Amino acid sequence: MTPATAAQAKTKDPSAPSPLPPDRLRALLRQMLLVRRFEEKAAEAYALGKIGGFCHLYIGQEAVAVGSIAALRDDDYLICSYREHGQALVRGIPPAEVMAELFGKATGCSHGKGGSMHLFDAKRHFMGGHGIVGGHIPLAAGIGFGIKYKGGDQVCLCYFGEAAVNIGAFHEALNMAAVWKLPVVFLCENNRYGMGTAFERVAALTDVAEHAKSYDMESAEVDGMDVFAVYDAAARAVARAREGHPTLLEVRTYRFMGHSMSDPLHGVYRTKEEVEEQKKRDPIVGLTHHLRDEGLMDQAAIDALDAEVHAEVDAAVKFADESPDPEPAALMRDVLAD
Amino acid sequence: MTPATAAQAKTKDPSAPSPLPPDRLRALLRQMLLVRRFEEKAAEAYALGKIGGFCHLYIGQEAVAVGSIAALRDDDYLICSYREHGQALVRGIPPAEVMAELFGKATGCSHGKGGSMHLFDAKRHFMGGHGIVGGHIPLAAGIGFGIKYKGGDQVCLCYFGEAAVNIGAFHEALNMAAVWKLPVVFLCENNRYGMGTAFERVAALTDVAEHAKSYDMESAEVDGMDVFAVYDAAARAVARAREGHPTLLEVRTYRFMGHSMSDPLHGVYRTKEEVEEQKKRDPIVGLTHHLRDEGLMDQAAIDALDAEVHAEVDAAVKFADESPDPEPAALMRDVLAD
Amino acid sequence: MPTLTYRDALNQALREEMQRDPNVFLMGEEVGLYQGAYKVSRGLLEEFGPQRVVDTPIAELGFAGVGVGAAMTGLRPVVEFMTWNFAVLALDQIVNSAAKMLYMSGGQFPMPLVFRGPNGAALQLGAQHSQAWESWLAHIPGLKVVAPATPADAKGLLKAAIRDNNPVIVLEGEMLYNTKGEVPDGELVIPIGQADIKRPGTDVTLICHSKTVTVALKAADLLQESGVSAEVVDLRSLRPLDEAAIVASVTKTNRCVVVEEGWHHCGVGAQVVDIIQRDAFDHLDAPVLRVTQVDAPMPYNKVLERAAKSSPEKVVAAARRVLYLD
Amino acid sequence: MPTLTYRDALNQALREEMQRDPNVFLMGEEVGLYQGAYKVSRGLLEEFGPQRVVDTPIAELGFAGVGVGAAMTGLRPVVEFMTWNFAVLALDQIVNSAAKMLYMSGGQFPMPLVFRGPNGAALQLGAQHSQAWESWLAHIPGLKVVAPATPADAKGLLKAAIRDNNPVIVLEGEMLYNTKGEVPDGELVIPIGQADIKRPGTDVTLICHSKTVTVALKAADLLQESGVSAEVVDLRSLRPLDEAAIVASVTKTNRCVVVEEGWHHCGVGAQVVDIIQRDAFDHLDAPVLRVTQVDAPMPYNKVLERAAKSSPEKVVAAARRVLYLD
Ligand SMILES: Cc1ncc(C[n+]2csc(CCOP(=O)(O)OP(=O)(O)O)c2C)c(N)n1
Ligand SMILES: Cc1ncc(C[n+]2csc(CCOP(=O)(O)OP(=O)(O)O)c2C)c(N)n1
Ligand SMILES: [Mg+2]
Ligand SMILES: [Mg+2]
C-alpha cells in the first residue's frame with residue numbers, strides 16, 4: 001500500500017493531494033465493504049430470481065471507485081458503464097435505492113425502469129450506467145462541455161473497461177475533450193478481460209495509457225488494488241481537469257467474479273489459479289492491513305464496521321423486496337418530457 | 001527532391017527500395033501530368049454541367065498517388081476515399097472510362113452508377129472510392145484479411161485524408177490490422193484541411209503518425225510533394241506489409257483546389273497567399289526540374305509528353321461525351337446478385 | 001410578410017432562439033468559421049462566438065454523444081449533421097442515448113436536444129449521399145421527427161424543436177434550402193404533430209412531406225387539368241403523426257396516394273396506409289397507393305436518378321388509378 | 001428426424017457450410033475461445049482453427065467493415081453480432097458498404113456476406129439491450145433479411161444465407177436459442193423469400209415472424225377454444241416479403257392481424273398491411289389490426305416488460321375485433 005500520506009512524505013511532490021485524515025480512511029474502508037457486501041447480496045438475489053437481466057458485479061474492483069470518488073466534490077459528475085453498482089453506492093445513492101433498482105422496483109433510483117445497467121441519480125450528478133460499450137464516453141465529454149459552457153469548475157469522471165478502448169467512440173471523445181480542453185477524467189478500469197477475451201488478444205498494445213499521447217493528453221498507470229494509489233492519481237487528474245486539462249487514467253484491476261451473473265468465473269479464458277492468485281491482491285484485505293498496521297483500526301473495529309455494513313445491505317434487500325413494482329401507468333410514462 | 005537513387009546512395013540503407021530506372025521516372029512524370037490534365041478537364045466539364053454531384057479534385061496531391069502506386073505490384077489492392085480520380089488513373093483505369101464515369105455514362109468504370117466518388121475496377125483490384133469519411137478504412141483491413149486468409153502475398157494500400165483520423169473507424173481498423181498482422185498500408189494524405197477546417201482546429205495532435213504507436217505499428221512522415229520520398233516510404237511500407245506488418249504513413253501534401261467543385265479555393269479558412277505559397281511546391285514542377293537537372297528529359301521532351309497527355313485527356317472527354325447513358329433497365333439491375 | 005429562403009428561415013430560427021436562451025448552442029462540422037456547409041449557420045459564429053457555435057471534428061458518433069451529455073447538464077444543444085447521410089454513424093447515440101435516456105432514468109434526464117441537417121437525395125450525389133432516413137427515425141419512441149417543406153414551416157418547426165424538452169429530429173433538404181416563401185418575422189412556433197393542408201381538394205388526398213410536398217403540389221396541378229381536385233396534406237411531423245388530419249382528409253375524399261422520398265418497404269407511407277385502413281376503412285373507395293423511390297440504391301447517372309425518384313407524373317398515375325380513371 | 005435446439009441447428013448450419021466451402025469463415029466477439037456469447041459457435045474454433053473462427057475486438061463498425069472488405073476479395077464472411085443491439089454501431093457498413101457496393105460498382109463487387117445474431121428483447125435486459133431492428137433492415141434494398149422462428153427454419157435459412165451472393169441479415173433470438181424442434185440432417189436449404197404456414201386455418205390470418213410465431217400459435221390455440229380457426233403465416237423472410245403468400249391467406253380468411261416484436265410506427269407490420277390493403281382490398285371484411293411492442297423504450301421491470309411486449313392475449317383481442325366478436 002502506498003497511502004497518500006506516505007507517498008507524499010517520500011516524494012515531497014508539491015502537486016500531491018493533501019493526505020487523507022484517519023476518519024476519511026475509515027470511511028474508505030466502509031465504502032469498500034459496502035460495495036463488497038452489496039454485491040455478494042446481489043449475487044444471492046440474482047440466484048433467487050429477484051434480479052433479472054444482466055448483472056455485472058464489481059467485486060475485486062472496489063478500490064477503483066472508492067479511491068477515485070474520494071477525489072471528487074459533491075457537485076462533480078460521474079458517468080459509468082453497466083458495471084456501475086460500486087460507483088453508485090460510493091457516490092452515496094442509498095443502497096436501498098440501488099438494490100430496489102436491481103429488483104426493478106418503483107423505489108429504485110431509476111424507478112425500476114433502468115435496472116442494474118442503468119442506475120441514475122440526477123441530484124447526485126450520477127449520470128448513469130450505460131449499456132453500449134464505449135457509448136457513454138462521448139457523453140462524458142458532453143458533460144464536461146456543459147460544465148465549461150456554464151463557467152463551472154466541476155469535473156466529470158468517466159469509468160469504462162479496457163475493452164472499450166478498441167471502439168471508436170473512445171477515440172472520438174478523447175480527441176474532442178483534448179481539443180476543447182474539457183474538465184474530464186477518463187478512467188479506464190483495466191481488469192484484463194472484456195467478457196471472455198483477454199485484452200492482449202484483441203488490442204495491439206495493452207498499454208492503454210499510451211493512447212493519451214495521440215491526444216496530447218496527460219495519463220497515468222495506476223495500481224487499482226491500492227486505494228491510496230487510485231486516490232492519489234485521481235486527485236491529481238481531477239485537479240488538472242479543473243484547470244481544463246483532461247487526463248486518461250489506466251487503473252489496473254481485476255474482477256473476481258464472472259463477467260456477469262450469467263457467465264462463468266473462470267474457464268477457457270482464464271484459469272482458476274489466476275483468479276486465486278489475483279485474490280491475494282484483494283483491495284479490502286490490503287486496506288484493512290494498512291489500517292491495522294498504522295494502528296488506525298483494530299480487528300474488532302473492522303468487524304464492527306463490517307457488521308454495520310452487513311446490516312445496511314440486509315436492510316436494502318428487505319426494502320427492495322418489500323417495495324412495490326411500478327404501477328402499470330409507469331409503462332407509458334417518461335417516454336417524452338412535457 | 002530526394003530521388004530514391006540519391007537517398008539510397010547517401011544513406012546506404014539496406015532496406016531502401018531499388019532505385020527507379022530513367023524510363024520509370026519518365027513514366028511517373030507522365031502519370032502526374034495525366035492526373036493534372038485530367039482534373040483540369042474535369043473542372044471544365046463540371047462547370048459545363050457535364051459532371052454532377054460532388055467532384056473532389058486531386059490537383060496538388062499527384063505525387064502521393066504516383067509515388068505510392070509505383071511501389072505496388074499489379075495484383076496488389078487499392079482502396080480510396082471519394083478523392084480518388086488520381087489513384088484510379090495511376091492504377092491504370094483508362095482515362096476514358098474514368099471520365100465516362102464522371103459523366104455518368106454506361107461506359108464508365110462503374111457503368112455510370114457510381115460517379116466521381118465511387119470509381120471501381122475489380123480487374124485492376126481498384127476497390128473503390130467511398131463516400132463516408134473513414135468508412136473504407138475497415139474495408140482495407142478486410143481486404144488485407146482476405147489476402148492473408150488465402151495465403152496470398154499481396155498488400156492493400158488504403159488512402160484517406162487527415163480528417164478521417166478523428167473518426168472511430170480509423171482506430172478500429174488500425175487496431176485490427178495490427179492485432180491480426182494484416183498486409184495493409186494505411187496512407188494518410190494530410191493536406192491540412194478537411195473541407196474548410198484546418199486540422200489543428202479539430203485534432204488534439206496534428207502529428208498523425210503518432211497514432212501508430214498506440215497500435216504498435218510502424219509509421220513514417222513523408223513529404224508528399226516529393227514523388228521520390230513518397231515512393232521510398234511506400235516501398236518500405238509495402239515490403240513490410242508483405243511480411244504481415246501494417247504501416248501508417250502520414251504524407252504531407254496540399255490541395256491546390258477547393259474541397260470539391262462546389263467549394264471556394266480559399267476564403268475564411270485559408271488565405272490566397274497560403275495557396276500561392278504552397279503552389280511553389282508543385283510536385284510536377286519539382287519532378288520536371290529533377291528530370292531536367294539530371295539530364296533525363298529536356299524541355300522539348302517534357303512538352304511533348306504533356307501534349308500527348310493532353311490529347312489523351314481530350315480523347316477521354318470526347319469518349320465520355322459521346323458515350324450513351326445507361327439504358328433504363330440499368331436502374332433496377334445489380335441491386336442484388338444472382 | 002418578408003420572403004425568405006428556407007435556408008434563411010432556418011438561420012433566423014437559430015438566431016432568434018440563441019438570442020432568446022443562452023443555453024442554446026449549435027455544434028457540427030463546418031458550422032462556425034466556414035458558415036455551414038450549406039450556409040444555414042451564416043453569421044452565427046460572428047454573433048454568438050465560438051463557445052456557442054462549435055466546429056467539430058468529423059466524428060458524428062462522438063459529437064452526437066457530446067450533444068447528449070451537454071443536454072444532461074441542462075443545455076439545449078442543436079447538433080447539425082452536415083447531411084443525415086453521415087448521421088448513420090451517430091444512430092447509437094440518437095436511439096440508445098437520446099431517445100431512451102428519459103425513460104431508463106425513470107424520468108430524471110430530459111433531453112432538450114435537436115439533431116438537424118439535410119436528409120435524402122439532392123442531385124447526382126450517388127448511393128451513399130442520397131439516403132432518406134425518415135422511416136428509421138420515425139420508428140423510435142422517445143424521439144420527435146419533423147420534416148418541414150416550406151420556409152415558414154422550417155422556421156416555425158425548428159423553433160418549436162429547440163424549445164421542446166425532447167430530442168427532436170429536424171429533416172431539412174439540400175434541394176429545399178434555396179426555395180423561397182413568406183415567413184413571418186419573430187415569434188413563429190409551429191406545434192410539432194400538426195399536419196397542414198397545403199392545398200384543399202375533394203376527389204383524392206395526396207399525403208406528402210418535405211421535398212415531396214412540391215411533387216404533390218405539381219401533381220395536383222396536373223390533376224386539376226383533367227378536372228380532378230386533389231387535396232395535398234403535408235404531414236410536417238412524422239412522429240407524432242397527425243392521424244386525425246390524415247383520417248379527416250381521406251374520409252372526405254375517399255381516395256388517397258401517399259408520396260415519400262425514401263424507399264417503399266417499411267417506409268413512412270406504410271404507416272400512413274396502416275392508419276388510413278384502420279381508421280377510415282369504410283370510407284375508402286380504393287386501395288391507398290404509394291409513390292416512393294424505386295427499390296434500389298440511388299444511381300449517379302442523372303437520367304436513372306430522375307427515374308428512381310418520386311415524381312409528379314408517378315403521383316398523377318397513382319391518383320388516376322385510385323380514381324379508377326385508368 | 002433428430003430434435004435439435006435452435007442454437008444447435010444454427011451451429012450445424014455453420015459447421016456444414018464451413019465444411020462445404022473453405023471460403024466461409026465466422027467472425028465476431030467471443031465466437032472462438034469463449035464458444036460464443038450464446039454458444040452458437042460451440043466447437044467451431046476447435047474444428048476450423050483461429051483463422052476461420054475469429055475473435056474480434058469490441059468494434060462493431062470496424063469488424064463489419066472487415067467483413068465487407070473480406071467479401072470484396074471473394075470470401076464469404078459470417079459476421080456475428082453478439083446481439084443486434086450493438087449492430088446499430090455497424091449500420092454504416094451494413095447500409096452504405098454492404099447493401100450498396102454491388103450497385104454503385106456497376107455490378108463488379110457482389111457481397112456474399114452474412115450478418116447474424118440475436119435480435120430484439122430477451123428478459124429484463126432493459127432499454128438499450130432490447131431493440132428489434134427488423135423494420136430498419138427490411139427497409140434497405142441490396143439486403144435480404146430473414147428471421148427464422150424454428151430450429152429447422154434457422155438451419156435452412158442460415159445455410160441459404162451463407163450460400164447467397166448478397167448480404168443477408170439473419171435475425172435470431174436469445175429467447176429462441178433453447179427452443180427445440182425437428183431438424184433434418186445435412187442438406188436443408190430453405191429459399192429466402194418464402195413464407196410458411198405454421199398452422200392452417202380459415203377464419204382469420206395471423207401474420208408473424210421470429211419470436212412472435214410462438215405468440216401467434218398460442219393465440220391460435222386460444223382462439224380455437226372459442227371456435228375461431230386462425231391461420232398462422234410465418235413470414236420467415238422480411239426482405240423480400242412473400243407477398244403472394246400473405247395475399248393468398250387473407251384472400252381466404254378475409255381478416256388479418258399482424259404481430260411483430262418491435263415498435264408499431266413504420267414497423268414491418270405496416271408494410272404487410274400496405275400490401276394487404278393494396279392487393280386484397282376487396283377481400284377484406286375488416287381493417288387489418290396490428291399487435292406490436294408498446295410505443296416506449298423497453299422497461300427493466302418484469303411486469304412492465306411483459307405489458308410492453310406482444311402477447312397471445314393481445315393477439316386474441318385483436319383477432320376478435322377483426323372478427324367483430326367484441
Ligand atoms: C458495443 C457493444 N458491443 C458488445 C457489447 C456486449 N458486451 C457487454 S460488456 C462486454 C465486455 C466489456 O469489457 P470491458 O470494456 O473490459 O469492461 P468490463 O466488463 O471488463 O468491466 C461486451 C462485449 C456491448 N454491451 N456493447
Ligand atoms: C462521416 C462523414 N462526415 C462528413 C462527411 C462530409 N465530408 C466529405 S469530405 C469531408 C472532409 C474530409 O477531409 P479529409 O479527410 O482531410 O480529406 P480531404 O477531403 O482533405 O481529401 C467532409 C467533412 C462525410 N463524407 N462523411
Ligand atoms: Mg475489462
Ligand atoms: Mg484533408
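Because the structure is a prediction, the values reported are computed rather than measured.
Note that NZ of Lys105(B) is 10.0 Å distant from NZ of Lys302(C), once rounded to the nearest 0.5 Å. Taken to the nearest 0.5 Å, the CG atom of Asn166(B) stands 11.0 Å off from the CD atom of Glu60(C). Note that CG of Leu102(B) is 11.0 Å distant from CD of Gln124(C), once rounded to the nearest 0.5 Å.
Counting heavy atoms of neighbouring residues, nucleotides and ligands inside a 6.0 Å radius, atom CZ of Arg42(C) does not exceed 12 of them.
For Asn301(C) (side chain) and Gly104(B) (main-chain N/O), a donor-acceptor pair under 3.5 Å exists by modelled atom type.
Within the 4.5 Å cutoff, the side chain of Ile132(B) has no heavy atoms near those of the Val88(C) side chain. The shortest distance between side-chain heavy atoms of Tyr300(C) and His118(B) does not fall below 4.5 Å.
Ranked by non-hydrogen atom pairs under 4.5 Å with chain C, the options Met117(B), His130(B), Glu101(B), His111(B) are led by Met117(B). Annotation: maximal heavy-atom pairing with chain C below 4.5 Å, among Leu336(B), Val133(B), Asp334(B), Asp325(B), occurs at Asp325(B).
The minimum heavy-atom distance linking Val335(B) with Ala296(C) is given by the pair CG2-CB, 3.5 Å. Shown here for Asp55(C) and Arg201(B), the closest heavy-atom pair between the two residues is OD2-NH2, 2.7 Å. Across all their heavy atoms, Met332(B) and Asp295(C) have their closest contact at CE-O, 3.5 Å. For Gly53(B) against Leu125(C), the heavy-atom pair with the smallest separation is CA-CD2, 3.5 Å. The heavy-atom pair separating Gly131(B) from His129(C) by the smallest distance is O-CE1, 3.3 Å.
Contact of Leu123(C) with chain B is made through the backbone alone, with heavy-atom distances under 4.5 Å. In this structure, chain C has heavy atoms under 4.5 Å from both the backbone and the side chain of Ile51(B). Residue Tyr82(B): no heavy atom, backbone or side chain, is found under 4.5 Å from chain C.
Contacts of residues 25-36 of chain C with chain B at a heavy-atom distance below 4.5 Å involve Glu30(C), Leu33(C), Tyr34(C), listed in sequence order.
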